[in-house]
S.K.: 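Below is the structure I would like to discuss, written out as structure tokens.
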Amino acid sequence: VWRNLIGDSELAMRLSSVLASCATASVLAIAVRWRSGSIVGGLAAGVVFAFEPNAIFFGSELRPYGFVMLFAVLATWSAMAWLKGPLTPPERATESRWTESRRAESRWASRGGARYRLAMLFWICVAALIHPTSLGVLAWLIAWALIAAVPLGRLQVWRADLIAVC
């Protein structure tokens, strides 16, 4: 499909990896901005990734490395959202931010952060499907998140009777 749309030159074939690498830098900047509240920090993270030599090399390969980087950033963002709990966008007004924060906390607490855990596992599985050897590195993210979740009290066992109460 890609060859029919774009062409079969070397540049056209590498374009998918380049676009995935650009999306990775953007997602990284947004994730850092969202979690830290600092637009400078988000921009710095995105720019450092965009100009990092290894990211440029692997992001322009005719292999799925650009997509693996994107899915790894999404998995890490999901793990941080699970471990740190919900945050609202920093640019919201104070009163609406408090209200939205309370809603987010109740939604997050009612499910124990399950959507973030599942999102982390989903992105790791997608990365492993397109490049199986990436699981060797991304499996460490699962181990790290589980080890970090225990002292934070974020690891909850799913119980069917809790679903009936909610």
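Source: prediction; values computed, not measured. Along the sequence shown, residues carry numbers from 1.
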S.K.: Mind checking who shares a hydrophobic cluster with V47, ILVMFWY linked at side-chain heavy-atom distances under 4.5 Å?
M.R.: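 Direct or chained contacts put V47 with F51.
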S.K.: Who passes ring-ring contact (aromatic ring centres under 6.0 Å, His included) against F49, sequence neighbours left out?
M.R.: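 ring-ring contact (aromatic ring centres under 6.0 Å, His included) list for F49, sorted by chain: empty.
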S.K.: Using only atom types and a distance under 3.5 Å, with no angle test, would you say the side chain of S17 pairs donor to acceptor with the backbone of E61?
M.R.: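 Present.
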S.K.: When rounded to the nearest 0.5 angstrom, what distance separates CD in E52 from CZ in F58?
M.R.: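 If we round to the nearest 0.5 Å, E52:CD and F58:CZ are 9.5 Å apart.
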S.K.: Nearest 0.5 Å, what's the CG-CG distance between L43 and L28?
M.R.: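 Interatomic distance, L43 CG to L28 CG, rounded to 0.5 Å: 11.0 Å.
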S.K.: Side-chain polar contacts of residues 68-78 - donor-acceptor pairs under 3.5 angstrom, sequence neighbours left out - could you list them?
M.R.:
from	atom 1	to	atom 2	distance (Å)
T76	OG1	A72	O	2.8
S78	OG	L74	O	3.0

S.K.: How far does CG of L121 sit from CZ of R117, to the nearest 0.5 angstrom?
M.R.: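 CZ of R117 is found 9.0 Å from CG of L121.
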S.K.: Please report the shortest heavy-atom distance between S38 and G41, naming the atom on each side.
M.R.: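 Closest pair (atom of S38, atom of G41, distance): OG-N, 3.0 Å.
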S.K.: Please report the shortest heavy-atom distance between M13 and G7, naming the atom on each side.
M.R.: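 Of all heavy-atom pairs spanning M13 and G7, the closest is SD-O, 3.8 Å.
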S.K.: Considering residues at least two apart in sequence or located in another chain, which fulfil the salt bridge (charged side-chain N to carboxylate O under 4.0 Å, His left out) criterion with R63?
M.R.: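 Per chain and number, R63 pairs via salt bridge (charged side-chain N to carboxylate O under 4.0 Å, His left out) with no residue.
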S.K.: Restricting to side-chain hydrogen bond (donor to acceptor under 3.5 Å, both in side chains), what partner residues turn up for S9, sequence neighbours left out?
M.R.: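 side-chain hydrogen bond (donor to acceptor under 3.5 Å, both in side chains) list for S9, sorted by chain: empty.
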S.K.: What's the spacing between L129 CG and F67 CZ if we round to 0.5 Å?
M.R.: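 Result: 14.0 Å between the selected atoms.
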S.K.: Hey, any chance L19 and I6 share a hydrophobic cluster, counting ILVMFWY side chains that come within less than 4.5 Å of each other, even indirectly?
M.R.: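 Yes; I6 is reachable from L19 via cluster members.
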S.K.: May I have the list of side-chain donor-acceptor pairs in residues 132-146 shorter than 3.5 Å, sequence neighbours left out?
M.R.:
from	atom 1	to	atom 2	distance (Å)
T133	OG1	H131	NE2	3.1
S134	OG	A127	O	3.2
S134	OG	H131	O	2.7

S.K.: Please check if L11 and L15 belong to a single hydrophobic cluster, counting links between Ile, Leu, Val, Met, Phe, Trp and Tyr side chain heavy atoms closer than 4.5 Å.
M.R.: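 In one cluster: no.
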S.K.: Which atoms form the tightest heavy-atom contact between V18 and S60, and what is the distance?
M.R.: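 V18 and S60 have their closest heavy atoms at CG2-CA, 4.2 Å.
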